[in-house]
Amino acid sequence: MATNLVQIKGTEIPTDGAALNVANRLYIDITDNDNDLSDITTGKWAWLARGISEITPSWQEKTQKTAYYDGDGHDDTEVTGKSMQLAVKGVRYLGDPAQDYIDGKQYAIGSAAKTRVLWINNGMPVVSACTLTAVTPTGGAADAQQNFSLTIAFNGAPKTTTGKLTMTESDQSRVFTASVDDKTPATTPTGTHANTDVPK
């Protein structure tokens with residue numbers, strides 16, 4: 001099949017100035033693998049984007065405040081623990097691989113609710129084991145689109161790639177495979193998102 005259309009100049013996602021949220025990418029590993037945090041290439045990464053209007057990260061921290069004699073009566077604060085989560089909201093889109101996979105987890109408990117998440121945040125890949133919580137794949141007014149929401153709770157310390165990450169889609173399925181080029185620094189912005197520069 002020929003490729004004879006290109007993006008219009010000026011419609012690209014900006015790489016400087018004010019950062020746009022649409023530059024970030026969120027993928028869910030649909031293989032139910034939450035154990036392998038050494039090799040990102042073992043996953044089937046479904047792009048969670050279609051029907052999604054909001055992704056909000058948050059960090060819950062545990063802190064310990066202690067007053068020391070050299071602090072003149074003022075506390076010293078240490079962060080002793082941290083957990084990260086992503087709140088995802090949108091509308092239900094039937095046939096989307098990421099949403100269909102998450103829909104199948106609405107009744108899951110224990111290990112059945114666990115997988116891996118890949119969040120590319122302003123070019124930095126962040127990979128973690130995760131638990132899919134508060135899965136709500138339907139609901140709302142009778143004359144409106146169905147709601148879709150969940151919270152992705154990161155489990156343990158997240159990791160990043162050792163080199164440039166490339167995500168490759170096959171057959172416009174919105175399911176990607178990952179590859180890492182260890183010869184190119186991991187700080188190279190976003191890598192290549194084949195067929196995803198303009199979400200369809």
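Quick caveat, the model's predicted, so the values are computed rather than measured.
- Under the 4.5 Å side-chain criterion, counting only non-hydrogen atoms from C-beta, W119 is not in contact with V127.
- Residue V180 comes nearest to G163 through the heavy atom pair CG1-N, 3.5 Å, listed as atom of the first residue, atom of the second, then distance.
- The OG1 atom of T115 sits 6.5 Å away from the CG atom of L132 when rounded to the nearest 0.5 Å.
- Inspection of the T31 and N33 side chains reveals no N or O donor paired with an N or O acceptor under 3.5 Å.
- Using a 3.5 Å distance cut-off with no hydrogens or angles, the side chains of N155 and T131 do pair a donor with an acceptor.
- Listed by chain and number, the residues in a side-chain contact (heavy atoms from CB on, under 4.5 Å) with S128 are V117, F154, P158 (sequence neighbours excluded).
- Panel note: side chain Q99, backbone V91; a donor-acceptor pair is recorded below 3.5 Å.
- Residue-environment remark: CD (E12) exceeds the threshold of 12 foreign heavy atoms within 6.0 Å.
- Sorted by first and then second residue, the salt bridge (charged side-chain N to carboxylate O under 4.0 Å, His left out) pairs involving residues 139-158 (not counting sequence neighbours) form an empty list.
- Residues forming a salt bridge (charged side-chain N to carboxylate O under 4.0 Å, His left out) with D103 (at least two apart in sequence, or on another chain): R92.
- Considering all non-hydrogen atoms of both residues, D39 and T41 come closest at OD1-OG1, 2.5 Å.
- Placement of W59 and L26 within a single hydrophobic cluster is found when ILVMFWY residues are connected by side-chain heavy-atom separations under 4.5 Å, directly or transitively.
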* Would I28 and Y101 count as a side chain to side chain contact (heavy atoms under 4.5 Å, CB included) if you check the C-alpha gap in whole Å, the side-chain angles of each, and the deciding distance to 0.1 Å? -> CA-CA 9 Å; I28 295 292; Y101 172 79; 3.6 Å; yes

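- Inter-residue side-chain proximity for T166 and D181 is flagged as unmet; no heavy-atom pair is nearer than 4.5 Å.
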* Asked: Do T77 and D75 pass the side chain to side chain donor-acceptor pair (under 3.5 Å) test, and can you show the C-alpha distance, the side-chain angles, and the key distance before you say yes or no?
  -> CA-CA 6 Å; T77 301; D75 290 343; over 6 Å; no

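- Between Y27 and F176, the ring centre distance stays below 6.0 Å.
- Counting heavy atoms from C-beta on, the side chains of D100 and Y93 never come closer than 4.5 Å.
- Screening residues 105-125 for salt bridge (charged side-chain N to carboxylate O under 4.0 Å, His left out), with sequence neighbours left out, gives D29-R116, D32-K105.
- Residues E78 and D76 form a side-chain contact, since some pair of their non-hydrogen atoms from C-beta on lies under 4.5 Å apart.
- Applying the side-chain contact (heavy atoms from CB on, under 4.5 Å) test to Q64 and every residue at least two apart in sequence or in another chain returns T66, T80.
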* With salt bridge (charged side-chain N to carboxylate O under 4.0 Å, His left out) as the test, would you mind laying out the steps for R174 and D96 before giving the verdict? => CA-CA 8 Å; R174 300 180 79 84; D96 178 73; 3.5 Å; yes

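- Atom CG of N21 has 12 or fewer neighbouring heavy atoms from other residues, nucleotides or ligands inside a 6.0 Å radius.
- Applying the salt bridge (charged side-chain N to carboxylate O under 4.0 Å, His left out) test to every pair with at least one member in residues 51-62, sequence neighbours left out, gives these pairs: E61-K82.
- Residues I102 and F148 share a closest heavy-atom pair of CG2-CZ, 3.8 Å.
- Summarising the geometry of P57 relative to I55, their closest heavy-atom pair is CD-O, 3.8 Å, with the distance given to 0.1 Å.
- Side-chain contact between L165 and I40 is present, with at least one heavy-atom pair separated by less than 4.5 Å.
- Taking every heavy atom of both residues into account, I30 and A46 meet most closely at CG2-CB, 3.7 Å.
- The distance from the NZ atom of K89 to the OG atom of S149 is 7.5 Å, given to the nearest 0.5 Å.
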* Asked: Checking side chain to side chain contact (heavy atoms under 4.5 Å, CB included) for the pair T136/L150: CA distance, chi angles, key distance, verdict?
  -> CA-CA 6 Å; T136 308; L150 78 151; over 6 Å; no

* To do: Run the numbers on I13 and V22 for side chain to side chain contact (heavy atoms under 4.5 Å, CB included), then give the verdict.
  => CA-CA 8 Å; I13 297 172; V22 73; 4.2 Å; yes

* Kindly indicate, with the supporting measurements, whether the criterion side chain to side chain donor-acceptor pair (under 3.5 Å) is fulfilled by T138 and Q146. => CA-CA 5 Å; T138 189; Q146 294 181 20; 2.8 Å; yes

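- Rounding to the nearest 0.5 angstrom, the gap separating the CG atom in N147 from the CD atom in Q145 is 9.5 Å.
- In this structure, K44 contributes its side chain and V175 its backbone to no donor-acceptor pair below 3.5 Å.
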* To do: Starting from the C-alpha separation in whole Å, work towards a yes-or-no answer on side chain to side chain contact (heavy atoms under 4.5 Å, CB included) for V88 and T56.
  => CA-CA 7 Å; V88 180; T56 305; over 6 Å; no

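- Minimum heavy-atom separation, T160 to P125: OG1-O, 2.6 Å.
- In this structure, N24 contributes its side chain and N122 its backbone to a donor-acceptor pair below 3.5 Å.
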